[in-house]
Novice: 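Before I ask anything, here is the structure I am working with.
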Amino acid sequence: MIRDEIVQALRAALAATGLPEPAGDLALETPKLREHGDWSSNVALQVAKQAGRPPREVAQELADALAANPPANVARVEIAGPGFLNFHLAPTWLHDVLRAVVAAGDEYGRGESLAGGRINLEFVSANPTGPLHAGGGRWVAVGDAIANLLDAQGASVHREYYLNDAGNQLDTFGASLLARYEGREPPEDGYQGEYLVEMAARMRAELGAGVTEEEAREWGYREAVRMLREDLARIGVEFDTWFSERTLHERGEVADVLKVLGERGHTYEQDGATWLRSTTFGDQRDRVLVKSDGSTTYLANDLAYHRDKFVRGWDHLIDIWGADHHGQVKSLQAGTEALGFPAGEPEVILGQLVRLQRGGEPVRISKRAGNIVTLADILDEVDPDVCRLTFLLQGIDTAQTFDLDVVTAQSMENPVYYVQYAHARIVSIGRKAAAAGVERRPLADVDLTPLAHEREIELLRALAVYPDVVAEAAALRAPHRVTTWVRDFAKDFHGFYRDCRVVTDDAPLTQARLWLIEACRIGLADALGLLGVGAPDEMARLDDDGAVEGEEAET
RNA sequence: GCCCUCGUAGCUCAGGGGAUAGAGCAACCGCCUCCUAAGCGGUAGGUCGCAGGUUCGAAUCCUGCCGAGGGCGCCA
């Protein structure tokens with residue numbers, strides 16, 4: 001691509017003038033202002049100090065060297081500001097971008113930065129004690145999108161869900177379910193959620209009378225997993241593996257991990273418990289692995305689990321956790337390192353929690369009333385695409401405020417429609433063109449020089465940058481960057497649509513624009529696909545009140 | 001006390017070393033004989049929490065302080 005050609009030309013210019021290479025990457029960016037060219041480099045500023053000369057003088061020397069041996073498509077190089085090198089390209093470079101997009105098709109935006117990598121991505125992993133909480137939807141949407149991004153960079157990604165089915169959480173859950181079944185209130189520290197009442201009724205219908213606590217626990221466990229799978233299926237996420245904690249205990253993996261840690265000299269006995277000397281690996285304090293009552297801690301089990309993942313053959317492990325588990329990161333990483341696995345494994349992506357609101361008021365989870373809001377509740381009211389994109393609107397480092405009224409009642413203002421509409425418009429134009437008997441000729445036979453309108457240029461520039469956006473989003477584990485790109489791109493397209501008619505009497509222009517919008521469609525569909533959001537061929541029409549035609553307007 | 005994240009327009013948030021800080025919503029003013037107006041254009045709106053420091057250049061990096069959220073169990 002043109003970008004690499006310019007970088008190479010810059011390197012050559014540096015070498016030719018005897019200037020040093022900058023310490024970091026050779027930065028080449030797209031300036032915010034069009035006057036600053038198509039691409040801009042700050043090498044002269046970076047190198048000026050080492051060279052001991054004014055930046056603009058260095059820039060001039062580089063510009064002269066570049067002029068002597070100009071890269072393809074570069075019309076001119078200007079020096080601006082404190083010493084930026086601004087590359088102004090001939091419009092033809094964007095026509096190359098269009099051809100590249102079409103040639104790549106579904107593959108456009110793919111990268112090779114993780115080629116060959118085998119990654120295990122664990123996310124959601126909510127306890128099998130009920131349906132998914134609405135806030136948990138964030139990890140569903142984010143996790144699936146990150147998996148898509150890693151896949152887009154060439155990695156083989158395995159989506160995994162860890163079922164904590166061996167701890168006392170499940171016992172508490174079973175006791176609570178049995179209490180509801182018997183018409184009692186759940187224990188003080190039990191599960192208060194009202195969904196248990198419904199579950200208990202279903203259990204009675206299935207199992208009849210005389211259910212024991214163990215039977216309640218096992219029935220409830222299976223039922224909860226069924227509900228989790230159902231919720232995930234509704235939003236379109238499928239896991240490759242549902243890993244049961246119980247299997248770790250059954251196969252003796254927890255005991256084995258304890259043995260190995262002991263043999264490696266990383267444990268000690270104190271106060272009747274077995275401790276992991278995790279401070280050796282940077283933890284703030286040592287951690288208990290085996291309690292004085294002989295049972296293992298969550299950490300011990302989790303270490304066995306992560307060792308199991310490595311043994312199954314992944315070369316990189318990623319966990320997505322809510323920030324409320326931040327305190328466990330160092331302990332787990334210390335333990336895996338103590339077991340002999342690479343430092344820094346597993347990589348833990350921490351996401352801030354979701355605050356639920358309704359009409360601006362916080363939704364309180366009342367222990368007594370047990371009025372939890374589930375993901376299923378949201379999916380009852382909004383399209384899965386709306387739900388997903390809402391969770392992917394912002395970076396995961398910020399606590400998200402999820403207002404149920406805004407997301408549900410005002411769903412017509414959700415950005416998802418804005419973006420999907422752009423895609424639908426493109427397909428619609430294709431239908432109109434076909435109906436008018438206009439056929440798109442092979443791209444190789446089409447002259448793209450008519451594409452010179454500012455709107456057209458903007459679209460192609462955005463498409464040119466898209467692969468970089470995807471690569472960066474993958475590297476930073478930040479799917480919202482794709483959301484930001486696709487929103488901006490949809491805006492560009494709507495502007496183009498308004499100003500540039502595609503199907504006209506001007507045959508050469510029509511041909512060029514038909515291919516332009518096809519390239520746009522590829523970009524939109526790809527970005528939406530990475531986010532797990534559909535790219536529809538048509539949208540419902542709205543009447544003047546903003547209500548979907550054919551549906552009753554809400555009053 | 002210690003650790004992590006955040007603080008940017010009235011609201012929700014992008015931007016995380018570059019040139020004049022952006023978008024959506026809300027407000028105001030315009031645009032449908034024409035491929036879907038779930039659209040487009042314009043106006044208004046900012047001491048980028050505060051104070052220092054590093055740098056040719058800081059919303060961005062460092063330190064401190066203030067504020068918000070989360071964590072620091074022989075719970076999971």
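So you know, we letter chains A, B, ... as the sequences are listed, proteins then strands, and number each from 1.
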Novice: With respect to the side chain of A:Arg355, which nucleotide from B:rG39, B:rG69, B:rC40 is positioned closest?
Specialist: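 Of B:rG39, B:rG69, B:rC40, B:rG69 is nearest to the side chain of A:Arg355.
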Novice: Whole Å only: how far is the CD atom of A:Gln328 from the P atom of B:rC72?
Specialist: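 It works out to 8 Å between those atoms.
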Novice: Any base atoms under 4.0 Å from A:Ala399, or only sugar-phosphate, or nothing? Heavy atoms, all strands.
Specialist: sugar-phosphate
Novice: Using a cut-off of less than 4.0 Å, is there contact between a side-chain N or O of A:Arg425 and OP1 or OP2 of B:rA38?
Specialist: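 No.
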Novice: Looking at every strand, decide which applies to A:Leu350 at a 4.0 Å heavy-atom threshold: base, sugar-phosphate, or nothing.
Specialist: nothing
Novice: Which is true for A:Thr398 with a 4.0 Å heavy-atom rule: it touches a base, it touches only sugar-phosphate, or it touches nothing?
Specialist: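 Sugar-phosphate, no base atom in range.
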Novice: Classify the nucleic acid contact of A:Gly322 as base, sugar-phosphate or nothing, counting any heavy atom under 4.0 Å across all strands shown.
Specialist: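 No contact.
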Novice: Using a heavy-atom cut-off of 4.0 Å across all strands, would you classify A:His325 as base, sugar-phosphate, or nothing?
Specialist: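 Base contact.
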Novice: Please give the distance between the P atoms of B:rC11 and B:rU20 as a whole number of Å.
Specialist: 27 Å
Novice: Can you check the distance between B:rG52 and B:rG39, where both ends of the measurement are the P atom (answer in whole Å)?
Specialist: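 The same atom, P, in both gives a distance of 45 Å.
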Novice: Test the A:Arg440-A:Trp515 pair against the cation-pi criterion, namely NZ or CZ under 6.0 angstrom from the six-membered ring centroid and within 45° of the ring axis.
Specialist: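 Geometry flag: set, cation within 6.0 Å and 45°.
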Novice: Would you tell me if any nitrogen or oxygen in the side chain of A:Tyr497 comes within less than 4.0 Å of OP1 or OP2 on B:rA37?
Specialist: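 Checking A:Tyr497 against B:rA37: at least one side-chain N or O falls below 4.0 Å of OP1 or OP2.
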Novice: Other residues, nucleotides and ligands only: do more than 12 of their heavy atoms fall within 6.0 Å of CD on A:Glu439?
Specialist: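 No, not enclosed.
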Novice: Of the listed nucleotides (B:rG69, B:rU20, B:rA76), which one gets closest to any side-chain atom of A:Tyr298?
Specialist: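 Looking only at heavy atoms from C-beta outward on A:Tyr298, the closest nucleotide is B:rA76.
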Novice: Should B:rC50 form a Watson-Crick or G-U wobble pair with both distances under 3.5 Å, which nucleotide is its partner?
Specialist: B:rG64
Novice: Under 4.0 Å between any heavy atoms, over every strand shown, what does A:Lys432 touch: base, sugar-phosphate, or nothing? Just pick one.
Specialist: sugar-phosphate
Novice: Would you call the rings of A:Phe243 and A:Tyr305 parallel, tilted or perpendicular, where under 30° means parallel and over 60° means perpendicular?
Specialist: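 Taking A:Tyr305 first and then A:Phe243, their aromatic rings sit tilted (interplane angle of 30° to 60°).
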Novice: Which value, in whole Å, describes the distance between the C1' atoms of nucleotides B:rA14 and B:rC72?
Specialist: 32 Å
Novice: Both distances under 3.5 Å, Watson-Crick or G-U wobble: report the partner of B:rG1, or none.
Specialist: B:rC72
Novice: Tell which nucleotide pairs with B:rA37, taking only Watson-Crick or G-U wobble pairs whose two distances are both under 3.5 angstrom.
Specialist: none
Novice: Would you mind telling me which of B:rA37, B:rU12, B:rC56 lies closest to the side-chain atoms of A:Lys49?
Specialist: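 Between B:rA37, B:rU12, B:rC56, the one nearest the side chain of A:Lys49 would be B:rC56.
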Novice: Both A:Gln400 and A:Ser40 contact RNA chain B. Taking the nearest nucleotide for each, which residue is further toward the 5' end?
Specialist: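 Upstream on the strand: A:Gln400.
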Novice: With C1' as the reference atom in both, quote the distance from B:rC50 to B:rG7 in angstrom, rounded to an integer.
Specialist: 11 Å
Novice: Between B:rG70, B:rC56, B:rU12, spot the one nearest the side chain of A:Ala323, thanks.
Specialist: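 Looking only at side-chain atoms, A:Ala323 lies closest to B:rG70.
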Novice: Between B:rG69 and B:rC31, how many Å separate the two P atoms, rounded to a whole number?
Specialist: 48 Å
Novice: Rounded to the nearest 0.5 Å, how far does CZ of A:Arg246 lie from CG of A:Asp165?
Specialist: 4.5 Å
Novice: As a test of reading the structure: which of B:rC35, B:rG16, B:rC56 is closest to the side chain of A:Arg481, going by heavy atoms?
Specialist: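 When the side chain of A:Arg481 is considered, B:rG16 is the closest of B:rC35, B:rG16, B:rC56.
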Novice: Cation over ring, A:Arg138 on A:Phe391, under 6.0 Å and within 45°?
Specialist: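 Negative - A:Arg138 is either too far from the ring of A:Phe391 or too far off its axis.
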Novice: Are A:Arg56 and B:rA19 close enough that a side-chain N or O sits under 4.0 Å from OP1 or OP2?
Specialist: no
Novice: Parallel under 30°, tilted from 30 to 60°, perpendicular over 60°: which one fits the rings of A:Phe173 and A:Tyr191?
Specialist: perpendicular
Novice: Heavy atoms under 4.0 Å, any strand shown: does A:Asp271 hit a base, just sugar-phosphate, or nothing?
Specialist: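 Base contact.
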Novice: Over all strands shown, is A:Arg53 touching base, sugar-phosphate only, or nothing at heavy-atom distances under 4.0 angstrom?
Specialist: nothing
Novice: Just wondering, do A:His36 and B:rA19 stack (centres under 5.5 Å, planes under 30°)?
Specialist: yes
Novice: What does A:Glu35 touch in the nucleic acid at a heavy-atom separation under 4.0 angstrom: a base, only the sugar-phosphate, or nothing?
Specialist: base
Novice: More 5' along RNA chain B: A:Arg487 or A:Leu353, using each one's nearest nucleotide?
Specialist: A:Arg487
Novice: Is the aromatic ring centre of A:Phe84 closer than 5.5 Å to the centre of the six-membered base ring of B:rA19, with the two planes inclined by less than 30°?
Specialist: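 Stack criterion met.
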Novice: Between B:rG46 and B:rC3, how far apart are the P atoms? Round to whole Å, please.
Specialist: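 Roughly 37 Å separates the two P atoms.
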Novice: Taking it one step at a time, do A:Phe281 and A:His266 satisfy ring pair (Phe, Tyr, Trp, His ring centres under 6.0 Å)?
Specialist: CA-CA 10 Å; A:Phe281 302 97; A:His266 297 306; 5.1 Å; yes
Novice: Among the nucleotides B:rA14, B:rC3, B:rA19, which one has an atom lying closest to any side-chain atom of A:His326?
Specialist: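 Of all the options, the side chain of A:His326 is nearest to B:rC3.
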Novice: For the P atoms, the ones on B:rG18 and on B:rU60, what distance do you get once it is rounded to whole angstrom?
Specialist: 11 Å
Novice: Closest to the A:Arg285 side chain: B:rC40, B:rC6, B:rC72?
Specialist: B:rC72
Novice: Whom does B:rC28 pair with, Watson-Crick or G-U wobble, provided both distances fall under 3.5 Å?
Specialist: B:rG42
Novice: Should B:rU55 form a Watson-Crick or G-U wobble pair with both distances under 3.5 Å, which nucleotide is its partner?
Specialist: none
Novice: Applying the Watson-Crick and G-U wobble criteria at under 3.5 Å, what pairs with B:rA19? Answer none if nothing qualifies.
Specialist: none
Novice: Under 4.0 angstrom, heavy atoms only, what part of the nucleic acid is A:Ala433 near: base, sugar-phosphate, or nothing?
Specialist: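 If one applies the 4.0 Å heavy-atom cut-off, A:Ala433 turns out to touch nothing in the nucleic acid.
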Novice: In whole Å, what separates the P atom of B:rG67 from that of B:rG24?
Specialist: 35 Å
Novice: Among the nucleotides B:rG18, B:rG70, B:rC35, which one has an atom lying closest to any side-chain atom of A:Asp324?
Specialist: B:rG70
Novice: Rounded at 0.5 Å granularity, tell me how far CD in A:Glu347 sits from CG in A:Asp319.
Specialist: 9.0 Å
